[in-house]
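Reviewing the structure listed below.
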Protein chains: 2
Amino acid sequence: MPASQKVTMIQDAVQLVKGYPQVHLTVDCVIFGFDENKLKVLLIRSDLETYQGKWSLLGDVVHENEELDAAADRVLLERTGMTNVYLKQVQAFSRVDRHPGGRVVTVAYCSLLNIRDHELQITDNELHWHTVKTLKEMAFDHKEILDACYSWLQKRIQEHPLGFNLLPEKFSLRELQNLYEAILNVELDRRNFRKKFFSMDFLVDTGELETDVKHRPGKLYQFNFDKYEKSKRKWIGIDF
Amino acid sequence: MPASQKVTMIQDAVQLVKGYPQVHLTVDCVIFGFDENKLKVLLIRSDLETYQGKWSLLGDVVHENEELDAAADRVLLERTGMTNVYLKQVQAFSRVDRHPGGRVVTVAYCSLLNIRDHELQITDNELHWHTVKTLKEMAFDHKEILDACYSWLQKRIQEHPLGFNLLPEKFSLRELQNLYEAILNVELDRRNFRKKFFSMDFLVDTGELETDVKHRPGKLYQFNFDKYEKSKRKWIGIDF
DNA sequence: CCAACAATGTGTATTATTTACATAAAAATG
DNA sequence: CATTTTTATGTAAATAATACACATTGTTGG
């Protein structure tokens, strides 16, 4: 044993941890949807009097023997009735005064789902979809959390195929482009957009066409996640 | 007030929060350095008997009225004596059994510093630099945390100018390239690497040359962070 | 039924970026 | 002063991004 290691080892880890301070821990889900060519987010009215009338993200405390991902999954299941939803941890928020009831640290999750895939069953607290673009004040630091998750999504959607979670399984290229334009807040050239996606070669032509559309229907495609996973590359190239 | 809002408002937020379960919360810092053309990480021996001989990240509990960023800053200051160090939150880790002493959720931070800028003053618990590449077992889930932060760094360094935090203020292009090659584990063409960085136009020629090098000395450059901040662009382009 | 309309679907020329590759010049070494 | 090592730079070819135009298909309304 080297001379420098003269530290007494701690034998009782449980005793050690008991001496640690504790905090209240929650998860908050930023649940995005896409409808009417607009990015939407699912919110409820806050039930805290301090924030009366303000909109709030869907969240809950993390249970005693529950992982963060599981807590977020649970929130999603309880509120939308859906399992297997796209859900990723984004960031922890820890401002000391972020909750009027005391010290509450929260971990934000970003969730993407197809609005049409589920009906809002329980609409307690006026649970419904809001247009992200026009959303202003919110309860707690939830606007800050929403902004962080939206930025995360904007960046992420350019590099990873997660936008498809916001669309039906079969979608037209126009729908896909509308999605990107709405999220990134840009206008894209239709021809170059198609070229780009076709050249990636992950879109499968289903042979089906759009229905209930009052003009020439477009082809419907599916995203081939398997193929994408297999051909995923690490190196992008230095650029900033 | 709409008919759907029949929820009783909670008036006493403090009382509400008191009913929440609590967890122990820590931060763990993955402190990267660069030396001998290798990416290094600063570790100590775990002082838990369970993990005797295993290496551990530098971490600490989050204090009662302390934000996560502040806690990470404090860990860094206490261990390296340095302030104003590059430090970013990466991810929360919450496996229920990740700590033998009980439920401890941790938030991982990635830190980048120039090894030469500080001397390891306090070398308790054999605090020293380890080569990332050859590191195997670690205490707790710290290997998993390290891997996550390393992946984060690999991706981040391609899109943001954070690598410079690992180098002295004035550096040669060869040093910069060595850094990228070490972190990304690739070989890069020297000519194209230079061309790329010069075309970004953020490198300032200091007019100085390398010293103490036993061959033709290279020019020393500085990174112009101000200019970068001003010209930062949002749109990258869809590609995955 | 047919003309007007609206959106889909495709191609090409231009420009910019990335990649591959070779040689000259400067300093250190013996 | 010749040798060695590393810096420094340029150019051609391939690839990718952009800008842009027209034919096609189905819908709608007269």
Side-chain angles (χ1 to χ4, degrees), chain A residues 36-37 157-159 161 167-168 170-182 184-223 228 231-240, chain B residues 36-37 157-159 167-168 170-182 184-222 231 233-240:
Chain A
E36 301 165 312
N37 288 340
I157 200 174
Q158 296 186 53
E159 303 176 356
L167 296 175
K170 298 170 183 179
F171 51 86
S172 70
L173 269 177
R174 163 59 60 186
E175 289 177 286
L176 187 61
Q177 185 176 341
N178 285 342
L179 176 71
Y180 271 87
E181 292 184 333
L184 297 173
N185 208 27
V186 289
E187 290 211 336
L188 300 172
D189 182 275
R190 197 162 48 84
R191 289 157 289 189
N192 294 335
F193 183 85
R194 296 170 144 268
K195 205 184 302 174
K196 185 72 206 171
F197 268 94
F198 287 139
S199 75
M200 292 184 201
D201 211 28
F202 297 130
L203 293 184
V204 181
D205 189 336
T206 64
E208 298 173 51
L209 296 175
E210 286 179 300
T211 53
D212 299 330
V213 80
K214 51 174 178 283
H215 53 74
R216 174 180 178 184
K219 291 185 183 180
L220 293 178
Y221 295 88
Q222 280 180 293
F223 187 81
Y228 167 73
S231 70
K232 214 164 18 178
R233 72 182 186 291
K234 270 208 187 86
W235 174 255
I236 307 171
I238 301 161
D239 209 5
F240 46 84
Chain B
E36 301 166 312
N37 289 340
I157 201 175
Q158 297 186 54
E159 303 176 355
L167 296 175
K170 298 170 182 181
F171 50 86
S172 70
L173 269 177
R174 163 59 58 187
E175 289 177 287
L176 187 60
Q177 184 175 342
N178 285 342
L179 176 70
Y180 272 87
E181 291 185 332
L184 296 174
N185 209 27
V186 289
E187 290 212 335
L188 300 171
D189 182 274
R190 200 157 45 84
R191 290 159 289 191
N192 294 335
F193 183 84
R194 296 166 78 83
K195 205 183 304 172
K196 186 72 206 171
F197 268 95
F198 287 139
S199 74
M200 293 183 200
D201 211 28
F202 297 129
L203 292 185
V204 181
D205 188 338
T206 64
E208 297 172 52
L209 295 175
E210 286 180 301
T211 53
D212 300 329
V213 79
K214 52 172 179 282
H215 53 75
R216 173 179 178 184
K219 290 185 184 180
L220 293 178
Y221 296 87
Q222 280 179 291
S231 69
R233 71 181 187 292
K234 272 207 186 85
W235 174 255
I236 307 169
I238 301 160
D239 208 6
F240 45 85

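The basis for the numbers below is simple: all heavy atoms, side chains too, and nothing from hydrogens, waters or symmetry mates. Chain identifiers are assigned alphabetically (A, B, ...) following the order of the sequence lines, protein sequences preceding nucleic acid strands; residue numbering begins at 1 within each chain.
Taking the centre of each ring, B:Phe198 and B:Phe193 stay at or above the 6.0 Å mark.
Remark: B:Arg174 is in phosphate contact with D:dT7, judged by side-chain N or O atoms under 4.0 Å from OP1 or OP2.
Using a 4.0 Å cut-off between charged side-chain N and carboxylate O, A:Glu208 and A:Lys219 make no salt bridge.
Residue B:Arg191 is in base contact, counting any heavy-atom pair closer than 4.0 Å across all strands shown. Note on B:Lys195: a base of the nucleic acid sits closer than 4.0 angstrom, heavy atoms only.
Using a 4.5 Å cut-off on side-chain heavy atoms (C-beta onward), B:Asp239 and A:Lys196 make contact.
A:Phe193 places its CZ atom 14 Å from the P atom of D:dA17, with the value rounded to the nearest Å. One can place CZ of B:Phe171 at 15 Å from P of D:dT7, the figure rounded to the nearest angstrom. Atom-to-atom, CZ of A:Arg194 to P of C:dG11 comes out at 12 Å; the value is rounded to the nearest Å. Counting to the nearest Å, the P atom of C:dT17 and the CZ atom of B:Phe198 are 18 Å from each other. Atom CD of B:Glu210 and atom P of C:dA28 are 11 Å apart (whole Å). Atoms CG (B:Asn178) and C1' (D:dT7) sit 13 Å apart, rounded to a whole Å. For the pair B:Asp205 CG and D:dA8 C1', the interatomic distance rounds to 12 Å; values are reported in whole Å. Between the P atom of C:dT23 and the CZ atom of B:Arg190 lies a distance of 15 Å, rounded to the nearest Å.
Among D:dA8, C:dA7, C:dA20, the nucleotide with an atom closest to any side-chain atom of A:His215 is C:dA7. Comparing D:dT7, D:dT28, C:dC21 by their closest approach to the side chain of B:Arg216 singles out D:dT7. Of the listed nucleotides (D:dT18, C:dT18, D:dA8), C:dT18 has the atom at the smallest distance from the side chain of B:Lys196.
Summary of the strand contacts: B:Asp189 and B:Ser172 both lie near DNA chain D, and taking for each the nucleotide with the nearest heavy atom, the more 5' one is attributed to B:Ser172. Between A:Lys214 and A:Ser199, the residue anchored nearer the 5' end of DNA chain D, judged by the nucleotide with its closest heavy atom, is A:Ser199.
Side chain of A:Gln158 to backbone of B:Gly237: a donor-acceptor contact under 3.5 angstrom is found.
Between B:Phe202 and A:Phe240, the ring-plane angle classifies as parallel under the 30° and 60° cut-offs.
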